[in-house]
Amino acid sequence: MGRRGGRGGYLPLFETEGRGRIGYKLFAVSIFVGICWIWVYRVSHIPTREGRWVWLGLFAAEIWFAFYWLLTQAVRWNPLHRCTFKERLSQRYENELPGVDIFVCTADPIIEPPILVINTVLSVMAYHYPPEKLSIYLSDDGGSDLTFYALLEASRFSKHWIPFSKKFKVEPRSPAAYFSTTSHPHCDAHSTQQWLAIKKMYQDMENRIETASKLGRIADDIREEHKGFSEWSSTTTSRNHQSILQILIDGRDPNAVDNEGSALPTLVYLAREKRLQHPHNFKAGAMNALIRVSSEISKGQIILNVDCDMYSNNSETVRDALCFFMDEEKGHNIGYVQFPQTFNNITKNDLYASSLRIISEVDMPGFDGYGGPMYIGTGCFHRRVGLCGRKYSEDYEAGLKQNARSVEESVSSLQERVKGQASCTYEENTEWGKEVGLKYGCPVEDVITGLSIQCNGWKSIYFNPPRKGFLGVAPTTLAQSLVQHKRWSEGDFQILLSKYCPFIYGQGKIDPGLQMGYSMYCLWALCSIPTLYYVAIPSLCLLNGVSLFPKISSPWCIPFFYVITAKFAYSIGESLWFGETIKGWLNEQRMWMMKRTTSYLFALIDTVLKLFGFSESAFVITTKVADGDVLKRYEQEIMEFGSSSPMFTIIATLAMLQLLSMVGVVIRVVLKKETMVVEALILQFLLCGLLVIINIPIYQALFFRKDKGRLPTFLTFTSFSLALLFCLVPLFYK
């Protein structure tokens, strides 16, 4: 490999662009000045009697919002964007490319159907990369023979799919995604025949897998086809089984070739040992088992991990990542390269704000400006030594040469020897989960693992190419989206309360801007209280005629109007710049409010309960499938409720509270001719009106919809009763 420091006259394998942000910085300064004037108003106009405590509560909420806004400015101050030069990589290192081990993780064959899993596996098997240097590992934490059967079918189909996809330069290389977006190739008759044949072959495989999944068992004649099925018995369950390791394609075997005689990548199935009396540490435990097993089988120096629903959308992604790791001057201290988490099922107006567009287009490039993005658990290429806890030092030569594999040892012998690496007891009295591998004890183990790697001296890279590297499945119901964000915010808040708090653990090790960036996410849960206060209290005070903002005729209105309108205008412009619609922006504001008043609130409550020992951590998998009616409503952008969840009760009650407050003040103005109310309460009226507009889909689900996705009648009655009760209870002291 080439030498570091640019010696030898090498051109760089990647370039970095820091786009000017002078205009934004001036805008941010003006917002800060406006916030300061709002504080001056709050301090100088504190009521002496009526509404004093409500006023102070609102002031406290505004101080929090300003503090949180200042934290968010860190990631907007110095964003970086990158491009790679893959042709230079090929010219210099085509014969010296490192081994790449790819980890695909699944945990439940019901929530994550086997056909979905193997499409991801097939997409990464077909990367434009030397197959003898690729090894794919499927970690099945559900320990399901259905998943094993699907992978066995995929191993056979790969002999046809890989040469076909490379010959015709197929993109994406997930068969399901490719055939769903390509009706017919525009090519000669012979090529068309090949296309139709491979499509039929895939459909036949899909039918066999789905038939087995519906039956819930593997037929006896199929079991006889592979000795691996003998690992499952009548007593095997997802939480109680021995280590199951099967090498379905052995990359060392010269006979492991596709139907055109080219080598195939190594393919391994692993279900680590599970016993009821042993903690298994969820996905982090599965990843650590894969690290150990792969270090004995393929020993790739680069590790890519993807979730089972995140198929490869770009066959060049491995080469993109290696442009960073193998750059002679700047690649030696790069610990991981993170690609964005993107989705293929986002609706036109992004109904549940699932695209995470601000995170991927704004936050992550901002992180990159201070030393690199956080690790988000999927679509990430790691340097093995960094993931295993090694600290970076200037004198460390971070070479990426492939370690030699043992060709003498038979597959059966290798499998038996390596199984112990995936046993329940292997990690006892070791540093695994502490200093080595992914960290344990947190629902967002990926974030603290990435933070630990950065604190060990490694840099990370965020790369967001025009053609996305990976595409996954976003939640298709409101409940799924809220539960997902609850888990994220709960895990991030636990980081803040642990030894991994960015301002403590990262002190002196990472840039202060990076510490602020991490803290943005760690404080999600705490944002719930001031948001809940700001959503509910001004509307209740509006109904009772208590003014919390300056009169429309007062010059003190100017800072409030400027901060509100400027932030909204910038937010809308930013959304349009990134390809969203106005309706998509409105959906984002709605989900922002819902997540803060439910997901983050429940995350805060659960974390406090855990601190006092009243509950334990649990990992919730977001379902990847939806029934026909639910999917149809999602595609029509109709919000899916359909149950009486506590989160929905809060959402509906707040919506009813806004509606009752708005109706009440309109009655006072129209019927009672209390025109003075308009001047004194105009800002509260506008705030309440905006919240009513945001809540229109909630009112539709409460009163007008008849489908199964509406809010239940009992919840309509409950939310109305609670909102009415809150309206009647005195909320301030005279």
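All heavy atoms count here, side chains included; hydrogens, waters and symmetry mates do not.
Under the 4.0 Å criterion applied to side-chain N and carboxylate O atoms, Arg217 and Asp145 are not assigned as salt-bridge partners. Under the 4.0 Å criterion applied to side-chain N and carboxylate O atoms, Lys86 and Glu316 are not assigned as salt-bridge partners. Under 4.0 Å is where a charged nitrogen must lie from a carboxylate oxygen, and between Asp204 and Lys200 at least one such pair does. A salt bridge links Asp606 with Lys486: the closest approach of a Lys/Arg side-chain nitrogen to an acidic carboxylate oxygen falls below 4.0 angstrom. Contact check on Glu296 versus Arg417 returns a salt bridge, with a Lys/Arg side-chain nitrogen under 4.0 Å from an Asp/Glu carboxylate oxygen. Ionic pairing of Asp101 and Arg384 is present here: one or more N-O contacts between side-chain nitrogen and carboxylate oxygen are shorter than 4.0 angstrom. Salt-bridge check for Glu225 with Arg223: failed, with every basic side-chain N at 4.0 Å or more from each acidic carboxylate O.
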Would you check, one step at a time, whether the test side chain to side chain contact (heavy atoms under 4.5 Å, CB included) holds for Lys159 with Val257? CA-CA 7 Å; Lys159 297 178 181 180; Val257 295; over 6 Å; no

Glu171 and Ser315: CA distance, side-chain angles, deciding distance, side chain to side chain contact (heavy atoms under 4.5 Å, CB included) verdict: CA-CA 7 Å; Glu171 294 287 4; Ser315 62; 2.5 Å; yes

Should Leu122 and Ser158 be marked as a side chain to side chain contact (heavy atoms under 4.5 Å, CB included) after you check the CA-CA gap, both sets of side-chain angles, and the distance that decides it? CA-CA 7 Å; Leu122 287 164; Ser158 68; 3.9 Å; yes

Dump the intermediate steps for salt bridge (Lys or Arg N to Asp or Glu O under 4.0 Å) on Arg487 and Glu490, then the final yes or no. CA-CA 5 Å; Arg487 181 172 68 83; Glu490 184 176 348; over 6 Å; no

Would you sort out whether Phe103 and Val306 count as a side chain to side chain contact (heavy atoms under 4.5 Å, CB included), showing the intermediate values? CA-CA 6 Å; Phe103 299 167; Val306 292; over 6 Å; no

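The shortest heavy-atom contact between Leu264 and Asp258 is CG-N, 3.7 Å. For the residue pair Pro131 and Lys166, the shortest heavy atom distance occurs at CD-NZ, 4.2 Å. Here the shortest heavy-atom pairing between Ile249 and Pro265 reads CG2-O, 3.2 Å. Contact detail for Asn314 and Thr317: the closest heavy-atom pair is O-OG1, 2.8 Å. Across all their heavy atoms, Glu96 and Lys133 have their closest contact at C-NZ, 3.9 Å. Of all the heavy atoms in Met310 and Thr342, the pair that sits closest is CE-O, 3.6 Å.
Residues Phe179 and Trp195 place their aromatic rings such that the two centres sit under 6.0 Å apart. Annotation: Phe339 is in aromatic contact with Phe381 [ring centroid separation under 6.0 Å]. Aromatic rings from Tyr269 and Tyr137 are positioned such that their centres are separated by 6.0 Å or more.
If you take CG on Leu414 and CD on Glu409, they are separated by 4.5 Å, rounding to the nearest 0.5 Å. Summarising the geometry, atom NE2 belonging to His278 is positioned 11.5 Å from atom CD belonging to Glu427; distances are rounded to the nearest 0.5 Å. The CG atom of Asn305 sits 4.0 Å away from the CE atom of Met287 when rounded to the nearest 0.5 Å. Considering CD of Glu112 and CG of Asp141, their distance stands at 10.0 Å, rounded to 0.5 Å. Rounded to the nearest 0.5 angstrom, Glu231 CD and Ile244 CD1 are separated by 5.5 Å. Note: Leu97 CG to Leu134 CG = 10.0 Å, rounded to the nearest 0.5 Å.
Between the side chains of Ser460 and Gln338, no donor N or O sits under 3.5 Å from an acceptor N or O. Of the N and O atoms on the side chains of Ser139 and Arg272, not one donor lies less than 3.5 Å from an acceptor on the other residue. Donor-acceptor pairing under 3.5 Å is recorded for the side chains of Gln194 and Lys167. The closest side-chain donor-acceptor pair between Tyr392 and Gln454, if any, does not fall under 3.5 angstrom. For the residue pair Asn456 / Arg390, no side-chain donor-acceptor distance below 3.5 Å is found, with atom types taken as modelled. Thr84 and Asp320 share a donor-acceptor pair across their side chains, judged by distance under 3.5 Å alone.
Looking at Trp161, its side chain never comes within 3.5 Å of a backbone N or O of Ser174 through a donor-acceptor pair. Panel note: side chain Ser452, backbone Thr449; no donor-acceptor pair is recorded below 3.5 Å. Side chain of Glu435 to main chain of Gly389: no donor-acceptor pair is present (N/O by atom type, distance under 3.5 Å, no hydrogens or angles). Under the 3.5 Å distance criterion, the side-chain polar atoms of Ser238 are left unmatched by any main-chain donor or acceptor of Gly142. Judged by distance alone, the side chain of Arg239 and the main-chain N or O of Leu276 form no donor-acceptor pair under 3.5 Å. Side chain of Asn313 to main chain of Lys468: a donor-acceptor pair is present (N/O by atom type, distance under 3.5 Å, no hydrogens or angles). The closest donor-acceptor contact from the side chain of Asp327 to the backbone of Cys323 lies at 3.5 Å or more, if one exists at all. A donor-acceptor contact shorter than 3.5 Å is absent between the side chain of Gln484 and the backbone of Gln480. A distance-only check finds a donor-acceptor pair linking the side chain of Lys283 to the backbone of Gly377 [under 3.5 Å]. Put simply, the side chain of Tyr462 gets close to the backbone of Ser360: a donor and an acceptor are under 3.5 Å apart.
Contact of the Tyr311 side chain with the Leu471 side chain is registered, since non-hydrogen atoms from C-beta on lie closer than 4.5 Å. Using a 4.5 Å heavy-atom threshold, the side chains of Met326 and Leu89 count as touching. Taking the side chain as every heavy atom from C-beta outward, Tyr518 and Phe367 approach each other to under 4.5 Å. In this structure, Glu273 and His241 have side chains that are not in contact, with every pair of non-hydrogen atoms separated by 4.5 Å or more. Residues Leu138 and Ile136 are not in side-chain contact: their nearest non-hydrogen atoms beyond the backbone lie 4.5 Å or more apart. For the pair Ile495 and Tyr505, the minimum side-chain heavy-atom distance is 4.5 Å or more. Ile162 places a side-chain heavy atom less than 4.5 Å from the side chain of Met125. Counting heavy atoms from C-beta outward, Trp432 and Arg292 have side chains that approach closer than 4.5 Å.
Using a 30° and 60° split on the angle between ring planes, Tyr336 and Tyr375 fall in the tilted class, from 30° to 60°. In this pair, Trp488 and His485 present their aromatic rings perpendicular. The plane angle is above 60°, beyond the 30 to 60° band. Between Phe324 and Phe14, the ring-plane angle classifies as tilted under the 30° and 60° cut-offs. Classification of the Phe148-His226 ring pair by plane angle, with boundaries at 30° and 60°, yields perpendicular.
Under a cut-off of 6.0 angstrom, the local environment of CZ in Arg275 is crowded, with over 12 non-hydrogen atoms contributed by other residues, nucleotides or ligands.
Exactly one of Thr147, Thr378, Val117, Asn119 qualifies for a side-chain contact (heavy atoms from CB on, under 4.5 Å) with Cys308. That residue is Val117.
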